[in-house]
Amino acid sequence: MTRGMTFRLLVGLLVTAAALALAGRRLHVLYRLGRLAQPVAPGRTTGAAAVLRAEVVEVLGQRRLLRWTLPGLAHLLTFWGFLLLGLTIVEGYGALFVRDFALPVVGRQAWLGALEDTVALLTLASVVVFAAIRLRHAPAREGRRSRFFGSHLDGAWLILFMITNVVWTLLLYRGAQVNTGYFPFRSGAYASEAVARLLEPLGERGNTVVEHVGVVLAVTVVMVFLVLVVHSKHLHIGAAVANVALARRPRALGALQPVRSGGREVDFEDPGEDDLMGVGKVEDLTWKGLLDLASCTECGRCQSQCPAWNTGKPLSPKLFVMGLRDHALAKAPYLLAADDAARAALPDAARAEGERPLVGTAQENGVIDPDVLWSCTTCGACVEQCPVDIEHVDHVVDLRRHQMLMESAFPEEAGIMLRNLEHAGDPWGRGGGHRLEWAEPLPFEVRVLGDDGADRLPDDVEYLFWVGCAGALDDAAQRTTRAVATLLHEAGVSFMTLGGAETCTGDAARRAGNEFLFRMLAQANVETLDAVGARRIVVTCAHCFNALANEYPQVGGHYEVVHHTQLLADLVASGRLTPVTPVETTLTYHDACYLGRHNRIFAPPRELLGAVPGVRLAEPPRTRERSFCCGAGGARMWMDETIGTRIGHERARELLELSPDVVTAACPFCILMLGDGVAAHLGPEPARPVEVTDVAEILLRSVLPARAAEPAPEPAEPAEPAGGTTP
Amino acid sequence: MHVVVLVKHVPEPTATWSFADDLTLDRAAVEGRLSELDEYAVEQAVRLVESGLDARVTYLTLGPAKAVEGLRKALSMGGDDGVHVVDPAVHGSDALATSLVLAKALQHIGFDLVLAGMASTDAEMSVVPAMLAERLGVPQVTFGGDLAVDAAAGTVTVHRDGDDATEEVVAALPAVVSLTDRTGQPRYPSFKAIMAGKKKPVQTLTLADLGVAPEQVGAAAAGVVVRSVSVRPPKQAGQVVVDDGTAAAVVADFLVARGFA
């Protein structure tokens, strides 16, 4: 063996052994940390076909990354670059042992050489794109608007630098190989050949040295890269693949998960002594939760879409995940200490990290500030965007659960809503006695369960009309309820309501973390619905829809639930409702988060509006999957919005830029919030009033002969401030 | 120190109430709750202990079997134990009889400080704390806006907000104090606290245990008799007058027809 080859092999293997030892130690710590966490829900790790599909589409196909064309493309190139450059790593290691090593079978074919060189150059090109994006959107320039705000910037640049190193060291030794005659490819590897021409003046000796040193450098760079990856956010290279495999399907939206402890659902009637109620310490997360944290590469797509972040609030889903991850890693020595003595022997900083409260103010040295935790509207824009399937909303709610159920620590205003739900069955605290007032102005009789003396739904009833608290008690929502009832009446659909027997579905309580109250309300409602024999239910509220359709199965309630826009669209399509009167108006439609993103009901409301003659529909810039929240979700409807600007006002501003005559939505809480926002923008005496109403109202105007519909209300007045719900 | 808080399980104020044949409220037909105004007294008792007062907090209630739910709610907010006086003979009692039973119960369990809400949200009499102090022969301070206890001096200090002035009143213990809804927002118990509240001891007493004769209480012994109960007709929606030029005349006619002009 020549001295050169001995040098290669020795240094290459030493570097590799050292790097593997360092990386292995780190991975062992991460593994032990994962073992310490809670088990995942049963069923998470099954479904091979779905896993395979997700891996192909989301990982190999990079579907969600490609929604953002340029950065998506650059990432696609880097990702595939790394997969294919994996071949050159094998070649590099082969070259430690055999100077002219080539891959078996295809290892000397021109096309492979060309492919490897092309991939190397494209990877380099994407590094340039990434660098340009990072410079252009640098937090120093754009501040909070930058999606990289708060990300670990140095680490990101270091990785770009390392990718560059991978490419140039590769091309360097390949070029030298060409000159010394040990290159496996006779032709095709055009970039390597170009480098070879540059190195030619060094002569044979020079090129031999460059080849030996180059191979060792290339191997070293790869190994340093490996060590860096497992010690940084670039762990996502591996973690994301696993995370996509274990993701909630089809997506981590819609239903919230039950409260689980040790992988089992907590029995709220008779909880175990040591049952966990949500996440109170970082190790209360499941190992899948920790994997979520490890998968985040701080790209900030979530942050760019977040309604809280975009209105000046401290919550960014990215910073939330980063905060938890950095804490989990810093707390690892504390958690993994063998016993109290070992714990006491830890450095002060590590011990202090172990004692930090998970939720607490800066003064309390908390990991997550209460203002961060309670700013979330659970709109799911972050989950929708995340290319690696991080389940932000579930984690936010799990942290809220602990604050609510164990600490009773939550914004005071939310307490009013919770008490009202407990005592009156609705968030306003009005009581069941008021639940039929909406029907009084109608010219026809609305059937109410029990009116005919029967305690079950008669056979002729096609739908149970679930009115909802807003639909029964809020003025604007009552108009929607009447419009839907009138349309069903016109179409000859027989329906019945529960009247005073209905109570809140518990959506807001659940999203505020009060699983106990949610279950009480849900169980009572399921009992009522089952007792009356309800099968098909129509609802007007996106939140009721989500609870009844997606969450009640968790408490044993199984119904066929449709949103009124779905039912009305069907009735129009089947000719049972015919829009005839032109409604000459320009309108825009706002997708409610819990109708759109959470439940994929995008088409029916648009079909309805499209069926009305005269209507011109203007889509806002942020629409459908990327719709911007109204600010009411996640129980935020019932809390004061004192930080930053109001989410509903921001959305109203965006909608008003389309100069619509009417802003439509299909959720009573969106209509409340947008009504408030529109009124705030237009001022008390607008030159051109803008109406905010439900799509059903527009359909009604077209189905009924001209002027027979209810007169439009006065242009929206500022709604009662959220939380202004004193009983 | 033994702090006893009087709590009442009342019909849910937002529910629709109905009346039984004997003209008492039909308690079986309506959900009940711990009177919202009593929650303020509970909160103050719990805060006294939290701020370092060495005291045992007992909740005392008089009511039907379901009234124990009021005790459980109070116990979920804090405190140590509950006492439930339950006896069929009590049904229909007025404030005088209620105060008699509560006074006997307080003498039975002992007390240094008795706290109560400013009124119940069902009968809204406000008089029981005063009657109680009279029967027990101890000082009474009613409608307190705050509460401070000096255990060493054996006194309780209370501020009373009036229309024109705020009085600072000091009373020697033992005493009876009723507290308003301006004393501080009652806490929302955590699930953990609710479960803990379920495990706290509750003692049940009957009239016989307290030495009260059945003839002294109930509807028959009441000083007032309810002759009839009529349900108030539901509020009618107001008439909306849209001004098409004739609104002034319509409004004028409306006023004239009702004798306002």
Side-chain angles (χ1 to χ4, degrees), chain A residues 259 266 268-273 275-278 280 401-426 428-437 440-441 473 499-500 503 512-520 524 711 713-714 726-727, chain B residues 9-18 29-40 42-43 46-47 50 69-70 72-78 121-122 181-182 184-199 231-244:
Chain A
V259 173
V266 170
F268 277 84
E269 313 269 311
D270 183 22
E273 199 64 46
D275 275 359
L276 293 177
M277 300 279 170
R401 282 169 170 169
H402 182 86
Q403 293 301 302
M404 175 69 67
L405 298 171
M406 300 304 279
E407 308 289 339
S408 193
F410 52 86
E412 206 180 329
E413 321 88 69
I416 300 171
M417 176 266 292
L418 297 173
R419 283 168 204 270
N420 286 339
L421 290 185
E422 267 175 43
H423 294 297
D426 64 74
W428 284 279
R430 298 282 305 283
H434 296 278
R435 280 194 181 260
L436 275 166
E437 287 168 3
E440 281 163 20
L473 303 169
T503 66
N514 198 333
E515 188 76 359
F516 179 55
L517 181 53
F518 164 74
R519 294 193 94 86
M520 272 185 358
E714 290 294 303
T726 324
Chain B
H9 193 246
V10 298
E12 192 65 74
T14 54
T16 310
W17 295 1
S18 57
V30 61
E31 287 289 315
R33 65 169 293 180
L34 173 62
S35 174
E36 207 178 336
L37 291 170
D38 292 348
E39 286 188 24
Y40 292 89
V42 173
E43 177 66 26
V46 174
R47 286 191 197 180
E50 281 174 349
E69 290 171 18
R72 289 294 171 204
K73 167 77 191 204
L75 287 166
S76 74
M77 294 171 68
T121 56
D122 53 351
D181 53 358
R182 299 178 62 174
Q185 192 64 37
R187 70 199 56 207
Y188 186 86
S190 69
F191 179 66
K192 186 175 69 172
I194 292 171
M195 297 317 281
K198 284 187 180 171
K199 296 193 178 114
V231 177
R232 197 184 295 168
K235 238 190 237 171
Q236 295 295 314
Q239 183 194 350
V240 177
V241 181
V242 180
D243 189 7
D244 53 2

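Small disclaimer: the values here were computed from a predicted structure and weren't measured. Throughout, protein chains are lettered first and strands after them, A, B, ... in sequence-line order, and every chain is numbered starting at 1.
- Considering only residues two or more places apart in sequence or on other chains, B:F191 meets the ring-ring contact (aromatic ring centres under 6.0 Å, His included) condition with A:F268, A:F516.
- When the candidates A:P271, A:G425, A:P441 are compared by the number of heavy-atom contacts under 4.5 Å with chain B, A:P271 comes out ahead.
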query = Does the side chain to side chain contact (heavy atoms under 4.5 Å, CB included) test come out yes or no for A:L418 and A:F410, once each step is laid out?
reply = CA-CA 11 Å; A:L418 297 173; A:F410 52 86; 4.1 Å; yes
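- B:V42 has its side chain out of reach of B:K73: every pair of non-hydrogen atoms, C-beta onward, lies at least 4.5 Å apart.
- Of the residues considered (A:H423, A:Q403, A:E412, A:M406), A:H423 shows the highest number of contacts with chain B, using heavy-atom pairs under 4.5 Å.
- Only the side chain of A:E273 comes within contact range of chain B, with at least one heavy atom under 4.5 Å from a heavy atom of that chain.
- A:R401 places a side-chain heavy atom less than 4.5 Å from the side chain of A:V259.
- When the salt bridge (Lys or Arg N to Asp or Glu O under 4.0 Å) test is applied to A:R419, the partners found at least two apart in sequence or on another chain are B:E39.
- Contacts between B:E12 and chain A at a heavy-atom distance below 4.5 Å involve the side chain alone, from C-beta outward.
- For B:P13, no part lies under 4.5 angstrom from a heavy atom of chain A.
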